[in-house]
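Position 1 is the first residue of the sequence, and the numbers go up from there.
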Amino acid sequence: MEEEFLFDFSDDAQRSVERYEEMIRNEDQYFFDAQAFENIIDYYIEKSDPVKALQVIEYAVNQHPYAAVFLVKQAQLFFVTDQIERAFLALQKAEMLEASEAEIYILRGNIYNSLERYSEALDNFQIALGFAETTDEILLQIAYVYQNMLDYEQAIVYIKQSLEQNMENKDGLYELAFCYDILDKQEESIQFYQEYIDNDPYSYAAWYNLANSYHKLDLFEKAIDAYDYAILIKDNFASAYYNKGNALVQLDRFAEAIEVYKQTFEYEPPNADTYCAIGECYEKLEHMDEARAYYKKSVKMDHKMADAWFGIGVTLNFEERYFESLHFYRKALELDGENPDFWFAMADAYYKLGQIEQSIEAYYKVLEFNPVDIEAWLDFSTVLYEQGRLLEASETILDGIKNNPDAAELYYRMVAYLFALGEKNDALAYLETALVTDPDKHYILFEYLPQLQDNGSIIEVINRYVK
């Protein structure tokens with residue numbers, strides 16, 4: 001009689017689903033073979049309906065009580081619905097039925113990994129290695145565990161083992177790049193990808209990761225060449241176009257960068273980051289109308305794009321529309337209140353508007369968030385000096401020196417301020433330090449206070465260091 005109710009639709013998943021749903025509507029009992037049940041379960045999983053998938057599994061387990069595959073699928077669904085204990089129980093039952101099934105240990109390893117029980121995760125993955133026919137994905141899972149343990153060196157070992165078995169595994173290539181990046185081992189990364197490309201010259205992922213490594217070492221020309229190879233192999237590789245654009249920007253090839261950024265729109269929808277990058281290129285080319293148009297496109301797409309709000313302000317500042325620029329700088333600071341570049345722009349705009357106290361307050365913010373910005377120390381002290389606050393100007397430069405003891409520019413500026421304060425001996429002492437630090441920059445002193453060129457004491461000291 002059982003044969004009369006056997007509906008084997010393993011070659012037609014949709015038909016299996018239809019027959020299953022008919023059975024549910026009719027409140028009947030049909031018999032499905034194991035493959036048909038797998039198809040039905042996978043259908044509901046793909047539809048992101050774990051509840052129905054679990055219901056199918058109940059029927060499957062009742063009809064095929066010795067099939068471990070359904071218990072594994074049940075455990076997967078329990079895991080994704082955060083029913084961890086039930087997932088472990090289902091895997092325990094599956095192991096009793098078929099202890100050599102690698103998927104049991106892989107899934108258990110993933111669950112332990114998610115629970116940060118890393119040693120137990122590794123134990124299960126090692127067991128899985130002994131049972132699985134192909135192990136490249138398991139090796140990659142082990143690498144993920146080591147990444148979570150912050151042991152990136154060991155992660156690299158397992159990623160490489162995985163890639164030895166499956167050179168086409170793009171996830172492995174990207175994870176390897178990530179680990180090398182974390183460890184700041186770009187040279188090793190380059191060596192690996194060059195060797196990889198020797199074996200597989202048509203791997204766009206390898207060329208892309210090689211390019212990224214060159215980029216991080218500021219080898220922008222080489223990076224562009226490698227991005228070009230990645231694009232040649234995969235002409236719709238939007239990320240490669242975008243990163244190539246970034247490399248061109250680093251070489252001040254802004255017009256070329258714009259064209260490359262725009263090419264990304266042929267292969268993926270425009271996004272706020274790319275619009276902002278194009279805006280910045282137009283800004284560098286001093287095409288402020290075009291720059292502002294793209295910055296506006298960026299913030300329209302993403303109101304939290306602080307760099308684009310800032311960029312609009314920069315274009316207005318360039319056109320001497322300082323008061324208007326302040327509005328956009330403030331919008332940027334609302335989103336990123338600790339960005340020293342934003343505060344620096346605010347300080348400059350306030351200064352140009354004659355709002356000196358607001359400018360000074362903004363400079364304090366710049367130096368709070370970036371005390372190694374030498375230009376900010378110099379500009380801030382200049383504002384104070386111009387207001388006749390000579391002592392504050394010198395104290396500001398002294399603070400700058402404490403934070404940047406190797407910055408000759410600050411020592412030369414201190415010389416100027418001390419002479420202005422009438423403290424000749426201290427000024428000459430700072431001049432000696434400045435000349436020891438960098439004698440070639442002594443011209444800075446005269447650029448700031450040209451009258452010091454006629455000071456015999458200064459010329460005498462300089463001549464001892466500059467021939």
Pair [X]-[Y], side-chain donor/acceptor within less than 3.5 Å:
{"X": "Tyr351", "Y": "Glu386", "answer": "yes"}
{"X": "Thr274", "Y": "Asn271", "answer": "yes"}
{"X": "Glu432", "Y": "Tyr465", "answer": "yes"}
{"X": "Asn113", "Y": "Glu120", "answer": "no"}
{"X": "Thr134", "Y": "Gln165", "answer": "no"}
{"X": "Ser189", "Y": "Ser213", "answer": "yes"}
{"X": "Thr382", "Y": "Arg413", "answer": "yes"}
{"X": "Glu103", "Y": "Gln76", "answer": "no"}

Where do [X] and [Y] come nearest, in terms of heavy atoms and distance?
{"X": "Val466", "Y": "Pro439", "answer": "CG2-O, 3.8 Å"}
{"X": "Phe344", "Y": "Val366", "answer": "N-CG2, 3.2 Å"}
{"X": "Val372", "Y": "Asn404", "answer": "CA-OD1, 3.1 Å"}
{"X": "Met305", "Y": "Asp273", "answer": "CE-OD1, 2.8 Å"}
{"X": "Leu452", "Y": "Ala416", "answer": "CD1-CA, 4.2 Å"}

Proximity of Phe342 and Phe310 rings by center, below 6.0 Å
yes

Validation row, ring centre Tyr144 to ring centre Tyr158 under 6.0 Å
no

Assess whether atom [atom1] of [X] is packed by more than 12 heavy atoms of other residues, nucleotides or ligands within 6.0 Å.
{"X": "Lys170", "atom1": "NZ", "value": "yes"}
{"X": "Lys222", "atom1": "NZ", "value": "no"}
{"X": "Tyr267", "atom1": "OH", "value": "yes"}
{"X": "Lys296", "atom1": "NZ", "value": "no"}
{"X": "Tyr112", "atom1": "OH", "value": "yes"}
{"X": "Lys262", "atom1": "NZ", "value": "yes"}
{"X": "Phe220", "atom1": "CZ", "value": "yes"}
{"X": "Tyr174", "atom1": "OH", "value": "yes"}

Rounded to the nearest 0.5 Å, what's the gap from CG on Asn246 to NZ on Lys244? Could you check?
12.5 Å

Rounded to the nearest 0.5 Å, what separation is found between the CG atom of Leu129 and the CD atom of Gln141?
11.0 Å

Side-chain ([X]) to main-chain ([Y]) donor-acceptor, under 3.5 angstrom:
{"X": "Asn166", "Y": "Glu168", "result": "yes"}
{"X": "Ser298", "Y": "Ala272", "result": "yes"}
{"X": "His327", "Y": "Glu324", "result": "no"}
{"X": "Tyr411", "Y": "Pro405", "result": "yes"}
{"X": "Ser203", "Y": "Ala206", "result": "yes"}
{"X": "Trp343", "Y": "Leu367", "result": "no"}
{"X": "Thr264", "Y": "Val260", "result": "no"}
{"X": "Glu392", "Y": "Arg389", "result": "no"}

Any idea how Tyr294 and Tyr275 line up, ring-wise: parallel (<30°), tilted (30 to 60°), or perpendicular (>60°)?
tilted

Does the plane of the ring in Tyr448 sit parallel, tilted or perpendicular to the ring in Tyr417? Use 30° and 60° as the thresholds.
perpendicular

Apply the test side chain to side chain donor-acceptor pair (under 3.5 Å) to residues Glu361 and Tyr350: give CA-CA distance (whole Å), side-chain angles for both, the deciding distance (0.1 Å), then the verdict.
CA-CA 10 Å; Glu361 289 176 14; Tyr350 278 130; over 6 Å; no

Between Lys216 and Asp181, is there a side-chain N and carboxylate O pair less than 4.0 Å apart?
yes

Testing Glu268, Glu266, Gln263, Glu259 one by one against Tyr241 for a side chain to side chain contact (heavy atoms under 4.5 Å, CB included), which residue passes?
Gln263

For Asn212, the option from Tyr193, Trp207, Tyr227, Tyr180 that meets side-chain hydrogen bond (donor to acceptor under 3.5 Å, both in side chains):
Tyr227

Given Val249 and Tyr261, is the side-chain contact (heavy atoms from CB on, under 4.5 Å) satisfied, shown in steps?
CA-CA 11 Å; Val249 166; Tyr261 284 137; 3.6 Å; yes

